[in-house]
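To start, the structure under review is shown below, and the notes come after it.
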Number of protein chains: 2
Amino acid sequence: MKLSDRKKKILQIVVDEYITNAQPVSSKNIAQNYMQDVSSATVRSELNALEEMGYLSQLHTSSGRVPSIEAYKLYVSELMDKGKLTGKELSQIKSAFARQSGNMEEVVRNAAKVISELTDYTSIAVAAHDEDDVIEKISIFPFKEDRALLLVVTDRALIRDKFIAIPPDMTEEQLESANRLVNRTFKGKRLGEVMEASLAAEEQFASYKAIFDRVIDAISDYVNDKSGSVVMAGEDKILNHPEYAEVDKMKNFLSVVTSRDKIANMLSDDNDIEISIKIGGEDKNIPDDCSLVTATYSAGNVKLGTYGVIGPLRMDYQKVVSVLEGVGKILEDMVNKK
Amino acid sequence: MKLSDRKKKILQIVVDEYITNAQPVSSKNIAQNYMQDVSSATVRSELNALEEMGYLSQLHTSSGRVPSIEAYKLYVSELMDKGKLTGKELSQIKSAFARQSGNMEEVVRNAAKVISELTDYTSIAVAAHDEDDVIEKISIFPFKEDRALLLVVTDRALIRDKFIAIPPDMTEEQLESANRLVNRTFKGKRLGEVMEASLAAEEQFASYKAIFDRVIDAISDYVNDKSGSVVMAGEDKILNHPEYAEVDKMKNFLSVVTSRDKIANMLSDDNDIEISIKIGGEDKNIPDDCSLVTATYSAGNVKLGTYGVIGPLRMDYQKVVSVLEGVGKILEDMVNKK
DNA sequence: GTCAGCACTCTAACGCCTCAAGTGCCAACT
DNA sequence: AGTTGGCACTTGAGGCGTTAGAGTGCTGAC
């Protein structure tokens, strides 16, 4: 069904109003503040039509209208004005990334923090890492008789450290030569390759099989563990929004938000879409009554990660989208310049 | 002022009842369920006396009594029965630590998780680390032209990794010899010594001053940064407790709990007390209406960290203390056996 | 298609009432 | 002196009717 321009305009007004005030929107309000050329009665009949089409609903017969999930979807895809960041906000983003040490996790943490602060919603972020990362260097760093720290550097400047056990009968010299061998074998390979190569390697380096197995295990764990690198910020921001005033809703939200696994599931899907907005029960991983807005950044063909915001349906999508775009731009600039 | 035995008994009953039911306790309740040998009128006059002494208060004239902060203090120090863990709980703790890789941070995370699960409160934990740790090994691990990862192994099996910048004109060979020199210089030293030694070292190793400075800076940062190693679990558990049903209180609590700095301040004080209970506004770092119960564990003379629980004043101290003791015992066993 | 006017519906707020819980106090008892 | 039953008093919670106000739907006129 096609909406007339006036219906679209009215729908946009309703969503905008509801987003800013969290109150049902009345025909009088619309006519007085946004459409002086028509009367409230006219607006009413339009609202009535929009309600029949499923875009609006009323809590009771004499309340104003509230947008439906359909309305939000239409809003973000067609109706919403593009927001613009103020200079102040831009410089706030810039300064958040000013002191960087090349540690990917730090970048992710800073991004999550600044996104949460600017949007006033809970933000989530996950550093991209996948099978296509190319290994640049591996180091096995012994630190107790039976333990070593495994370090893997990939082309994405991402360091991953994991503890592995050293076979008890292995001397330090043996370990060093195993280290050299591991490096020679895996350098330049994709992480995915390493995982698949496990069987082929087995024959070749029988004497260091134990070490090789552990390195491969560690890399597999890393690639498969999506929840490990999830970072959040502003978990308490959610309380600023009236839809979570009831303890039950709060609790539901917090239990999702404090579970890294659930978050990881939400973010895992579409790593190639630039900005994605998922609403309500659309996706089974996203709790009802929640919206998830995410952006996936990359510099050149290197993925930098997925960043986003989770909050009520009645979310300030304009603001969130513009903040995510702003952060993306600055992040990509930063990486490219470097 | 000295309390009669009966007053103590009544006060204990009031606190116990209030902890389990979150409802003001009436004289009738006490007389019927706990003290059949006296009438409710007698209990009433005792309650009245306790109220005048400041241990109890009423919300309004016709409500039962509620313990005051003083009452909680007395309760935990004198009145409270010692709790006992069930076999099931003990084995739950054991299995939480079953798979350990020697990574201190993992131990801390597991401890926080199991404490939160068993007590149903939000738990916080911080791995001990201080100036008395002895350096066993240092490694500077270059991974990009201008960046390196600094690894420090101490006697507490704690690995700390930090990124440092490499001076641009430094070759890989120079870096390696700097690495050897750093190791020779700092091995066996306490972290605190390294920090103080900075000036003395300056003269001696002028050529590698830049590297030395950065290592010393990194170690200083580590020793001074108490918030970095704070771990939490069960942040949403707080919602299970009725005192946080109001959004304002919730918000206050969550804003404290989501700030690592604030948590670190709370835990920083008394690293040498075995089990400490801090209540309400007693300590300015602890938010009003909150109790913090912490335990500091050590095996031999090696500190393992500080673990604790934060929750409402009306906290099940018995349970919390016994869980903390149980975790401590198992943790220390584990470390000693190893 | 628009609109003023009006009847209708529903909520929120208020006051009123009653009920039940719990206290404080007192006079009587041990 | 301590304990107790009895009783008056206070208070919050909940039910109920009323009212005011916001907002709608509808209708007949333009």
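For clarity, every value in this text was computed on a predicted model and none was experimentally measured. Below, read A as the first sequence line, B as the second, and so on, with proteins coming before strands; counting in each chain starts at 1.
- Looking at A:Thr86 and A:Glu89, their side chains do bring a donor and an acceptor atom within 3.5 Å of each other.
- A donor atom on one side chain and an acceptor atom on the other are found under 3.5 Å apart for B:Glu17 and B:Asn29.
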*Trace of the side chain to side chain contact (heavy atoms under 4.5 Å, CB included) decision for B:Met35 with B:Arg6*: CA-CA 10 Å; B:Met35 304 184 81; B:Arg6 193 169 69 181; 3.8 Å; yes
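- Contacts with DNA chain D (heavy atom under 4.0 Å) in residues 34-51 of chain B: B:Asp37, B:Val38, B:Ser39, B:Ala41, B:Thr42, B:Arg44, listed by number.
- Reading DNA chain C from its 5' end, the first and the last nucleotide to sit under 4.0 Å from a heavy atom of chain B are C:dA21 to C:dC25.
- For the pair B:Gln23 CD and D:dG12 P, the computed distance is 15 Å after rounding to whole Å.
- Remark: the A:Tyr317 side chain and the A:Ser291 side chain contain an N/O donor-acceptor pair separated by less than 3.5 Å.
- A distance-only check finds no donor-acceptor pair linking the side chain of A:Thr42 to the backbone of A:Val38 [under 3.5 Å].
- Here the OH-CG distance, from B:Tyr72 to B:Leu11, works out to 10.5 Å after rounding to the nearest 0.5 Å.
- A donor-acceptor pair under 3.5 Å is absent between the side-chain atoms of B:Thr122 and the main chain of B:Lys237, judged by distance alone.
- Between A:His241 and A:Tyr121, the ring planes lie parallel to each other; the angle is under 30°, not in the 30° to 60° tilted range.
- The salt bridge (charged side-chain N to carboxylate O under 4.0 Å, His left out) with B:Glu325 is formed by just one residue from the set B:Lys84, B:Lys82, B:Lys319; it is B:Lys82.
- Counting to the nearest Å, the C1' atom of D:dG25 and the NZ atom of A:Lys28 are 17 Å from each other.
- Within residues 57-68 of chain A, the residues approaching DNA chain D are A:Gln58, A:Thr61, A:Ser62, A:Ser63, A:Gly64, A:Arg65, by heavy-atom distance under 4.0 Å.
- With 3.5 Å as the limit, one finds no donor-acceptor pair spanning the side chains of B:Thr306 and B:Thr294.
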